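Please read the structure below before turning to the comments.
Here the structure is a predicted model, which means the values were calculated and not measured.
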Amino acid sequence: MDDQTNVKLAVTNPYQIYMRDDFQDTGSIPSGARSACQSPDIVPRQRLLDNPEELITIDWDVDMGQPLVEGLPNYIYVRGASRDNVGAGNHVTAGVELYCVPSCLFMTPNLWERIGDDVTFTATGNDQRLLGSEPFVWTPSRRTVHYCLVARVYTNALPNRVPASFPNNGAFIDWVLNDPGIAWRNLSIEENHTGTVSQSQSFGNLDTYPISAMFLVRATGFEDGTAIVLQSQSQCLGSPINSTNIVNSPNYSVVNMNTVAPRSDGALQVFVTPPEGHPVPEGAQLTVQYIQFGEAGGALSQDLQSHTLLKRHSQPLSAFGLADEDGGQGLYGTRLGEVTLEYK
């Protein structure tokens with residue numbers, strides 16, 4: 001890591017994409033921001049937003065952050081803006097890293113812990129509002145620990161590396177306040193009062209072509225009225241997943257049919273909330289299957305070798321527990337992965 005401070009950047013400002021420290025921040029150096037610890041462009045949310053694009057339209061000047069819930073996957077959106085030095089017709093892609101930091105009075109980078117994989121901003125002109133390619137997913141373990149979140153924006157032209165050291169306190173504070181590519185937000189963690197339990201499962205696609213994929217969730221032994229929520233805004237999906245399903249039978253299935261981009265990975269979050277005041281029944285099971293599928297007689301993959309190998313292990317979707325009336329008729333597939341959780 002480089003040893004750098006913003007003293008070097010006091011005359012010229014090479015940053016093309018920035019995140020705001022507060023609503024007065026325009027990405028300039030010095031920033032003019034009055035606060036560096038409550039960035040409105042780090043947006044923590046307990047659940048996925050139905051229309052995240054509104055963060056850069058009608059809600060641009062609104063702090064949409066909320067406290068997160070301990071022990072459950074939560075979502076952190078990031079937004080930013082391009083400055084006046086991108087130029088019409090140009091294409092600038094920036095990466096965004098996110099860190100969590102346990103509560104302390106002097107939050108130097110040696111205390112930062114990475115959250116998830118980087119997301120991206122893409123600008124094609126000056127003064128554009130930008131939304132991260134997908135939200136970060138993070139599960140805070142304890143509400144008794146106060147956290148801060150820190151975002152770092154970087155491009156190929158301006159890596160904006162975190163300094164390995166600072167010569168003095170002033171250099172550190174100047175860097176936090178005046179680096180347009182650094183944003184910081186204090187965070188509150190709430191207790192889980194709903195009885196919700198959850199799991200986050202990663203998935204991926206090693207094929208060099210898009211695939212048709214099915215997420216099949218089977219709930220066994222849960223009370224009627226239990227809510228099962230599937231959520232994912234992973235960029236690799238053909239369509240975001242955000243569905244709420246109410247259990248009405250002892251063996252209940254939830255199906256999502258989607259596509260997954262080539263050579264990519266993502267994560268699916270599954271939340272289970274029993275009827276109010278009830279615990280999850282002992283012995284209840286939740287099984288999540290990830291299945292690559294195709295029409296009977298058709299290919300499972302556009303990659304011939306992959307199709308040939310997948311077909312060796314394929315079955316009608318009914319073999320995975322998907323009834324014809326739930327969309328399984330005339331389809332077959334190969335299970336890529338399965339996870340079963342039993343609640344005790």
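- Every residue meeting the side chain to side chain contact (heavy atoms under 4.5 Å, CB included) condition with Q66, not counting sequence neighbours, appears here in chain and number order: R45, Q46.
- N186 and Y147 are not linked by any side-chain donor-acceptor pair at a separation below 3.5 angstrom, with hydrogens and angles left out of the test.
- Under 3.5 Å, the side chains of Y252 and N245 contain no donor-acceptor pair of N or O atoms.
- Under the rule for a side chain to side chain donor-acceptor pair (under 3.5 Å), the partners of T194 that lie at least two apart in sequence or sit in another chain are N192, T196.
- The side chain to side chain donor-acceptor pair (under 3.5 Å) test applied to Y290 returns no partner, not counting sequence neighbours.
- Applying the side chain to side chain donor-acceptor pair (under 3.5 Å) criterion to T244, with sequence neighbours excluded, gives no partner residue.
- Put simply, the side chain of N74 gets close to the backbone of V69: a donor and an acceptor are under 3.5 Å apart.
- Shown here are the side chain to side chain donor-acceptor pair (under 3.5 Å) partners of T108, two or more places apart in sequence or in another chain: N110.
- Between the CD atom in Q199 and the OG1 atom in T139 there is a gap of 11.5 Å [rounded to 0.5 Å].
- Under the salt bridge (Lys or Arg N to Asp or Glu O under 4.0 Å) criterion, D50 pairs with no residue, sequence neighbours left out.
- When atom types are taken as modelled, the side chain of T334 and the backbone of L310 share a donor-acceptor pair closer than 3.5 angstrom.
- One N or O on the side chain of N13 and one on the backbone of G27 form a donor-acceptor pair closer than 3.5 Å.
- Under the rule for a ring-ring contact (aromatic ring centres under 6.0 Å, His included), W184 has no partner lying at least two apart in sequence or in another chain.
- For residues 125-140, the set of pairs meeting the salt bridge (Lys or Arg N to Asp or Glu O under 4.0 Å) definition, not counting sequence neighbours, is empty.
- Atom CG of N169 sits about 12.5 Å away from atom CG of D174, to the nearest 0.5 Å.
- Here the side chains of P180 and I29 are in contact, with some heavy-atom distance below 4.5 Å.
- S234 contributes no side-chain N or O that, together with a main-chain N or O of L237, makes up a donor-acceptor pair within less than 3.5 Å.
- Ring geometry for F106 against F172 counts as perpendicular: the plane angle is over 60°, on a 0 to 90° scale with 30° as the lower cut.
- In the model, T57 has no side-chain atom that pairs as donor or acceptor with a side-chain atom of E53 under 3.5 Å.
- For D63, the salt bridge (Lys or Arg N to Asp or Glu O under 4.0 Å) criterion is met by R185, not counting sequence neighbours.
- Between L72 and S198, the shortest heavy-atom distance links the atoms CD2-OG, 3.2 Å.
- Residue pairs meeting the side chain to side chain donor-acceptor pair (under 3.5 Å) criterion with at least one member in residues 76-101, sequence neighbours excluded: D41-R79, Y77-Q233, E97-Y99, E97-R114, E97-R152.
- If you check the side chains of R218 and T287, you find no donor sitting under 3.5 Å from an acceptor.
- Contacts classified as salt bridge (Lys or Arg N to Asp or Glu O under 4.0 Å) and involving residues 237-266 (residues at least two apart or in different chains) are not found.
- For the side chain to side chain donor-acceptor pair (under 3.5 Å) condition, the pairs that include at least one residue of residues 303-314, sequence neighbours left out, are D207-S306.
- Under the 3.5 Å distance criterion, the side-chain polar atoms of Q289 are matched with a main-chain donor or acceptor of F320.
- Remark: the backbone N or O of A267 is paired with a side-chain donor or acceptor of S232 at under 3.5 angstrom.
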